[in-house]
Amino acid sequence: MLILFSLFNFSRTINAATNHNRVLLVYDSQNDVKNDKKNIDALQRSLTSMDLRVKTVSQADYKKGTLDKKYLGVITMINWRQVGLINREFINDRDKFSGIKLHIGENLTQTEINQLGIKVQRVYQQQFILKKDSNREQLPFSQSITVITQQANGASQVGTLSTQQTDQRSYPFGYINGKQGYLPFFTNKGLSLIVQTQMIAQLFDRVGKFQPLLTITNVTPYTNLRTLDELSKFCYKMGIPFAISTTSVSENTEMKAFDRFTAVLRNIENRGGIIFLQTPEVSSGVDTAGQLLNQKFLTYIVSLARQQVFPVGISSAGFWNQDKVLRNNSLKYADHWLLMQDGTKVTYVNQDNDAQIAKQSFFAMPAASLNDVKKSDSTTFTIPTALTINMPYSQKELEHVESEIKNLPLNWYNPVEDGFSSEINTETTSLKYNHGDYLVNGKLEDIQNTNLDLNKQFSDGKPNSLFKDYFKVQGNILAVFFVIIMIILLIFIFIGQKVYWNRFKR
């Protein structure tokens with residue numbers, strides 16, 4: 001059975017009002033050479049889903065006295081062992097800190113080793129196997145890794161690292177001794193990510209029991225809408241609750257193409273699907289105060305609501321929660337977030353690395369990342385988790401996605417039956433979702449079914465040219481005429497060449 005289940009059988013209710021949930025994350029380097037900043041992003045998003053307000057600081061920017069009693073805990077992240085932690089002011093503050101401490105990666109100090117109550121050894125040139133219950137994952141080859149060779153009495157471990165040698169040796173993976181914790185590394189995918197998240201949640205006493213939310217991502221108004229409609233119909237017939245993450249438009253919302261788009265979204269709502277409104281692309285240096293973004297986002301919400309499309313939350317890449325302007329002009333409107341992995345393009349407006357929390361934040365991870373992990377209908381997750389699948393764009397891709405969903409033997413999170421209740425509030429509009437009911441400014445909405453033909457191509461009211469077909473036919477006639485001329489010329493060339501050579505044969 002998959003070991004994503006919690007150690008305690010309860011569903012956590014997030015209290016965004018508490019102040020005793022602040023965590024300081026200090027890292028040595030983003031390690032752009034290996035693109036390991038994705039590890040920092042995954043750690044930030046997982047902490048947010050644990051209802052922890054994480055303040056992220058590069059060691060180069062850490063100031064003496066920053067780590068004090070206002071923080072519940074501190075996480076040291078060695079993201080590039082060749083750089084390591086060299087800020088003595090942070091090291092001194094951390095040594096004196098009495099809260100929760102977690103060290104991730106290499107370069108443990110002797111003080112940390114003593115506080116953890118362990119003995120360690122650096123192992124070189126190894127490829128370990130990570131084990132957790134009946135799950136196994138072969139890890140990438142590592143140049144060096146610091147493993148625990150002796151534990152303290154009363155300490156606990158989450159997962160095991162085993163060598164592949166004949167005299168197979170085993171070491172703890174996640175290690176917890178009271179308020180002290182250690183992980184030899186952090187990665188953003190696979191079984192490793194799952195076990196890491198479970199260990200951190202246990203250390204910070206944030207372990208819950210959550211069923212995964214199936215989520216279709218990369219939906220846009222330009223998506224193959226017939227395919228999207230077929231996919232939602234498939235999920236409905238299979239009895240699988242689901243969500244989509246979609247962008248919208250702030251212009252041309254009066255056109256029939258937008259009607260067609262929202263008609264499919266209404267079908268999704270009527271089939272038990274919920275909709276997360278995805279944040280738009282960020283334009284660098286244009287909207288420093290966020291006024292244009294704010295106006296665009298409010299237009300999204302209002303124009304969709306007019307078509308009886310009611311988002312239940314906001315979806316965005318993780319970096320939006322690390323930026324004051326982006327966060328305050330999008331995420332703040334909703335009490336439910338879907339935080340996805342940062343893409344290749346990350347554009348900040350006013351980066352403050354002071355992540356906030358919502359009533360509930362779903363940690364998004366690709367469903368494909370669980371391909372090598374055992375799953376069953378009793379599988380649950382330590383934190384609110386959305387398993388994502390990219391929107392298919394062809395019939396072949398649709399069939400592949402449907403097969404992928406069928407092969408996920410999971411008991412999916414059901415917003416209607418599992419008590420999902422959310423709000424999106426702007427100055428003029430209040431959207432509420434409660435167990436399948438939609439309320440707009442306090443009024444219950446009855447979402448109408450659509451009868452639009454999704455195969456129909458709309459003209460959006462633009463007049464067609466009177467001679468459009470005439471010129472098309474003329475073009476075809478000319479093309480046939482030139483082909484006939486070419487054939488005749490080739491015949492004459494062949495005959496002429498034959499006559500020419502016959503003269504020499506005489």
Side-chain angles (χ1 to χ4, degrees), residues 22-47 52-124 142-149 152 161 171-188 192-193 196 199-200 203-204 322 351-355:
R22 303 185 67 183
V23 173
L24 182 66
L25 168 60
V26 179
Y27 65 91
D28 59 340
S29 169
Q30 287 191 350
N31 196 358
D32 290 328
V33 174
K34 293 185 177 180
N35 201 24
D36 280 349
K37 59 185 177 183
K38 288 185 177 181
N39 296 335
I40 300 174
D41 164 58
L43 179 56
Q44 289 170 330
R45 290 185 294 117
S46 64
L47 292 170
L52 293 171
R53 294 172 54 197
V54 56
K55 174 70 175 178
T56 306
V57 179
S58 166
Q59 69 164 339
D61 298 326
Y62 181 86
K63 305 299 181 185
K64 182 179 179 179
T66 300
L67 180 59
D68 56 25
K69 292 182 179 180
K70 69 174 176 284
Y71 288 103
L72 171 67
V74 59
I75 299 175
T76 304
M77 187 176 194
I78 306 301
N79 204 40
W80 196 354
R81 66 180 181 84
Q82 288 86 347
V83 175
L85 201 65
I86 57 176
N87 188 320
R88 295 303 311 176
E89 292 182 339
F90 169 68
I91 294 174
N92 292 333
D93 287 349
R94 183 187 61 186
D95 289 345
K96 294 180 290 185
F97 184 65
S98 59
I100 298 171
K101 301 179 189 178
L102 170 62
H103 184 106
I104 300 174
E106 297 280 333
N107 304 340
L108 280 165
T109 65
Q110 189 58 50
T111 300
E112 287 180 302
I113 292 173
N114 295 338
Q115 291 176 345
L116 286 163
I118 57 176
K119 290 184 178 180
V120 298
Q121 176 186 349
R122 180 170 286 184
V123 179
Y124 299 92
S142 60
Q143 294 291 333
S144 71
I145 185 172
T146 300
V147 296
I148 297 173
T149 56
L161 291 175
Y171 309 95
F173 178 56
Y175 173 85
I176 298 174
N177 183 18
K179 291 184 177 181
Q180 315 291 324
Y182 171 68
L183 280 168
F185 60 83
F186 191 94
T187 185
N188 58 72
S192 300
L193 175 59
Q196 291 159 181
M199 178 269 176
I200 296 172
L203 177 64
F204 283 92
Q322 308 296 325
Q351 183 180 4
D352 63 355
N353 288 324
D354 193 11

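Note that the coordinates shown come from a computational prediction; the quantities given were computed from them, not determined experimentally.
In this structure, Leu116 and Leu108 have side chains that are in contact, with non-hydrogen atoms separated by less than 4.5 Å. You'll find the side chain of Leu24 stays beyond 4.5 Å of the side chain of Phe97, heavy atoms only.
One distance of note links CD1 of Ile100 with CG of Leu102; it measures 9.5 Å at 0.5 Å rounding. For the atom pair OG1 of Thr56 and CD of Gln322, the computed distance is 5.0 Å after rounding to the nearest 0.5 Å. Rounding to the nearest 0.5 angstrom, the gap separating the CZ atom in Phe185 from the CD atom in Glu106 is 11.0 Å. Between Leu67 atom CG and Ile91 atom CD1 the span is 12.5 Å, to the nearest 0.5 Å. A distance of 4.5 Å separates OH of Tyr71 from CZ of Arg22, quoted to the nearest 0.5 Å. Taking CD of Gln44 as the start and CG of Asn353 as the end, the distance is 6.5 Å to the nearest 0.5 Å.
Of the residues listed (Thr146, Ile145, Thr149), the one engaging Val123 in a side chain to side chain contact (heavy atoms under 4.5 Å, CB included) is Ile145, and it is the only one. Gln180 pairs in a side chain to side chain contact (heavy atoms under 4.5 Å, CB included) with only one of the listed residues (His103, Glu112, Gln115), which is Gln115.
Here the closest heavy-atom approach between residue Tyr175 and residue Gly117 is recorded as OH-O, 3.9 Å. When all heavy atoms are compared, the tightest approach of Trp80 to Ser29 is CE3-OG, 3.3 Å. Pairing each heavy atom of Gly178 with each of Leu203, the nearest pair is O-CD1, 3.9 Å. Shortest non-hydrogen contact noted between Asp68 and Lys70 is OD1-CG, 2.8 Å. Across all non-hydrogen atoms, the minimal contact from Leu43 to Met77 is CD2-SD, 3.7 Å. For Asp95 against Thr111, the heavy-atom pair with the smallest separation is OD1-CG2, 3.5 Å.
Not less than 6.0 angstrom separates the ring centroid of Tyr62 from the ring centroid of Tyr27.
Under the side chain to side chain contact (heavy atoms under 4.5 Å, CB included) criterion, Asn92 pairs with Arg88, not counting sequence neighbours. Gln59 meets the side chain to side chain contact (heavy atoms under 4.5 Å, CB included) test with Val26, Asp28, Val83, Leu85, Ile86, Asn87; sequence neighbours excluded. Remark: Asp354 pairs with Lys55, Asp352, Gln356 by the side chain to side chain contact (heavy atoms under 4.5 Å, CB included) rule, at least two apart or across chains.
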Residue pair Leu47, Ile75: steps toward the side-chain contact (heavy atoms from CB on, under 4.5 Å) verdict: CA-CA 11 Å; Leu47 292 170; Ile75 299 175; 3.8 Å; yes

side-chain contact (heavy atoms from CB on, under 4.5 Å) between Leu161 and Phe173, worked out: CA-CA 6 Å; Leu161 291 175; Phe173 178 56; 3.9 Å; yes

Step-by-step side-chain contact (heavy atoms from CB on, under 4.5 Å) determination, Leu193 to Phe186: CA-CA 7 Å; Leu193 175 59; Phe186 191 94; 4.0 Å; yes

Residue pair Lys37, Asp41: steps toward the salt bridge (Lys or Arg N to Asp or Glu O under 4.0 Å) verdict: CA-CA 6 Å; Lys37 59 185 177 183; Asp41 164 58; over 6 Å; no

